[in-house]
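Everything below concerns the one structure shown next.
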Amino acid sequence: MRQVNGDQLVGRIVECEAYCGPTDLASHARAGLTRRTAPMYGPVGHAYVYLVYGMHHCLNVVARSEELVAGAVLLRALEPVAGIELMRVRRGRTNDPDSRLCSGPARLTQALAIDRRLDGHDLTAGVDLWLSAGEGLRQTESVAVGPRVGVAYAGPEWAGRPWRFRLDGNRSVSR
DNA sequence: CTCTCGATGCGCT
DNA sequence: GCGCATCGAGAGA
């Protein structure tokens with residue numbers, strides 16, 4: 001859920017990827033605890049927002065298991081639920097179907113007006129940007145699992161990990 | 001200080 | 001299917 005200028009933009013998470021700490025060579029956390037990666041080493045449930053390719057923002061939720069010192073989940077796609085026309089305006093693509101407005105990590109941040117000002121933001125506080133429990137899987141839905149996208153540089157061992165999760169067949173997942 | 005290169009998306013071919 | 005935009009983090013000197 002995103003609140004900007006009194007408007008509420010709502011999306012349902014339909015695709016994400018896990019990044020598992022310093023030993024995961026595909027994770028920014030491999031650089032150790034730095035100014036940039038600090039959120040991943042901080043409190044769970046906070047945001048880690050970074051800039052890729054000099055122009056796109058990506059939103060992560062800080063998360064980790066007991067044995068991990070750092071970690072995050074990259075939000076890769078949302079199914080637009082409310083504030084859809086505002087998302088379309090934010091995207092500047094008036095002809096895109098609803099299902100394409102948030103179908104990519106940088107698309108969803110653009111649609112929801114998310115940038116690095118929200119880096120470190122507490123996603124559990126219910127202010128500006130937050131997570132809320134949905135209704136889970138619907139009757140006919142199932143989760144498809146596969147390797148993460150765009151991390152070949154990490155080498156086959158890490159790029160091959162099946163740490164990408166998406167709703168099978170959902171039209172709002174990334175291409 | 002300088003160099004390299006990316007957790008991507010778009011527009012054109 | 002391919003090239004490119006655009007900038008800062010991190011690494012090396």
Side-chain angles (χ1 to χ4, degrees), chain A residues 2 9 11-42 44-65 68-80 84 86-121 123 129 131 143-167 170-175:
Chain A
R2 171 75 165 127
L9 308 175
R12 177 182 182 229
I13 299 169
V14 295
E15 180 180 352
C16 66
E17 289 177 351
Y19 287 86
C20 303
T23 58
D24 176 3
L25 297 185
S27 173
H28 293 166
R30 70 188 182 282
L33 175 54
T34 65
R35 162 99 115 263
R36 182 202 202 189
T37 65
M40 280 196 283
Y41 288 79
V44 159
H46 285 216
Y48 167 47
V49 182
Y50 66 90
L51 187 64
V52 249
Y53 299 109
M55 61 188 85
H56 301 300
H57 294 280
C58 289
L59 170 65
N60 296 251
V61 179
V62 176
R64 70 176 77 88
S65 58
L68 236 42
V69 298
V73 172
L74 169 68
L75 270 38
R76 287 194 56 88
L78 305 177
E79 183 179 85
I84 298 178
L86 289 162
M87 292 182 191
R88 209 183 303 280
V89 169
R90 281 273 174 196
R91 288 275 299 142
R93 301 183 64 74
T94 47
N95 293 323
D96 278 6
D98 295 0
S99 62
R100 299 281 75 161
L101 293 175
C102 302
S103 62
R107 291 180 179 199
L108 74 89
T109 55
Q110 191 180 15
L112 298 197
I114 293 166
D115 60 28
R116 286 186 303 172
R117 284 174 293 192
L118 288 165
D119 191 29
H121 179 77
L123 298 171
L129 177 66
L131 297 164
V143 177
V145 181
R148 294 173 292 181
V149 176
V151 295
Y153 63 85
E157 182 188 341
W158 293 102
R161 299 289 175 115
W163 287 346
R164 177 189 183 206
F165 307 89
R166 61 195 187 279
L167 290 190
N170 188 294
R171 281 191 294 280
S172 294
V173 301
S174 68
R175 175 203 78 102

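Each chain gets a letter, A, B and so on, in the order its sequence line appears, and its residues count up from 1. Predicted model only: the values in this text are computed from it and were never measured.
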pair A:L123-A:L129: side-chain heavy atoms closer than 4.5 Å: yes

Verdict with reasoning, A:W158 to A:V151, per side-chain contact (heavy atoms from CB on, under 4.5 Å): CA-CA 8 Å; A:W158 293 102; A:V151 295; over 6 Å; no

Minimum-distance nucleotide to A:A31 side chain [options: C:dA11, B:dT8, B:dA7]: C:dA11

Distance-minimising heavy-atom pair for A:C102 and A:A111: SG-CB, 3.8 Å

Touch class at under 4.0 angstrom, heavy-atom based, for A:R93 against every strand present: sugar-phosphate

Rounded distance (Å) that lies between atom P of B:dC10 and atom CG of A:L101: 10 Å

Protein-nucleotide distance (A:F165, atom CZ; B:dA7, atom P), rounded to Å: 19 Å

Donor-acceptor pair (no angle test) under 3.5 Å: A:H28 side chain, B:dA7 base: yes

Check ion pair A:R166-A:E15 (N to O, under 4.0 angstrom): no

Aromatic-base stack, A:Y19 on B:dA7, cutoff 5.5 Å, angle under 30: yes

5' priority, DNA chain C, between A:H56 and A:G32 [closest heavy atom]: A:H56

Residue of the set A:T94, A:N95, A:D98 for which side chain to side chain donor-acceptor pair (under 3.5 Å) holds with A:R88: A:D98

Sugar-phosphate, base or nothing in reach of A:A26, heavy atoms under 4.0 Å: base

Proximal nucleotide (of B:dG9, B:dA7, C:dG10) relative to the A:P105 side chain: B:dG9

Residue A:R116, side-chain heavy atoms: nucleotide from C:dA9, B:dT8, B:dC10 that is nearest: C:dA9

Length of the line joining A:E15:CD and B:dT8:P, which is rounded to integer Å: 11 Å

Residue A:R36, side-chain heavy atoms: nucleotide from B:dG6, C:dG10, B:dC10 that is nearest: C:dG10

DNA chain B: 5'-proximal contact among A:D96 and A:V73 (nearest heavy atom): A:V73

salt_bridge(A:D96, A:R107) N-O dist < 4.0 Å: no

Identified side chain to side chain donor-acceptor pair (under 3.5 Å) partner of A:H28 from the options A:Y50, A:Y19, A:Y48: A:Y48

Nucleotide B:dT4, atom C1' - distance to OH of A:Y153 in whole Å: 14 Å

Nucleotide of C:dC7, C:dA9, B:dA7 approaching A:L51 most closely (side-chain heavy atoms): C:dC7

Pairing annotation in dot-bracket form, given for DNA chain C with Watson-Crick or G-U pairs under 3.5 Å and | for cross-strand partners: |||||.||||||.

Atom-to-atom span, CG of A:N60 to C1' of B:dG6 - whole angstrom: 14 Å

d(CD1, A:I114; P, B:dT8) in whole Å: 16 Å

Shortest non-hydrogen separation from A:R100 to A:V173 and the atoms involved: NH2-O, 2.8 Å

Protein-nucleotide distance (A:H57, atom NE2; B:dG9, atom P), rounded to Å: 13 Å

Sugar-phosphate only, base, or nothing, as touched by A:R35 at under 4.0 Å among non-hydrogen atoms: nothing

Closest-nucleotide 5' rank along DNA chain C - winner of A:T34 and A:R175: A:R175

Spacing of A:M55 atom CE relative to B:dA7 atom P, expressed in whole Å: 14 Å

Donor-acceptor pair present, A:Y50 side chain and C:dA9 base, under 3.5 Å: no

C1'-based separation of B:dA7 from C:dG1 [nearest Å]: 22 Å

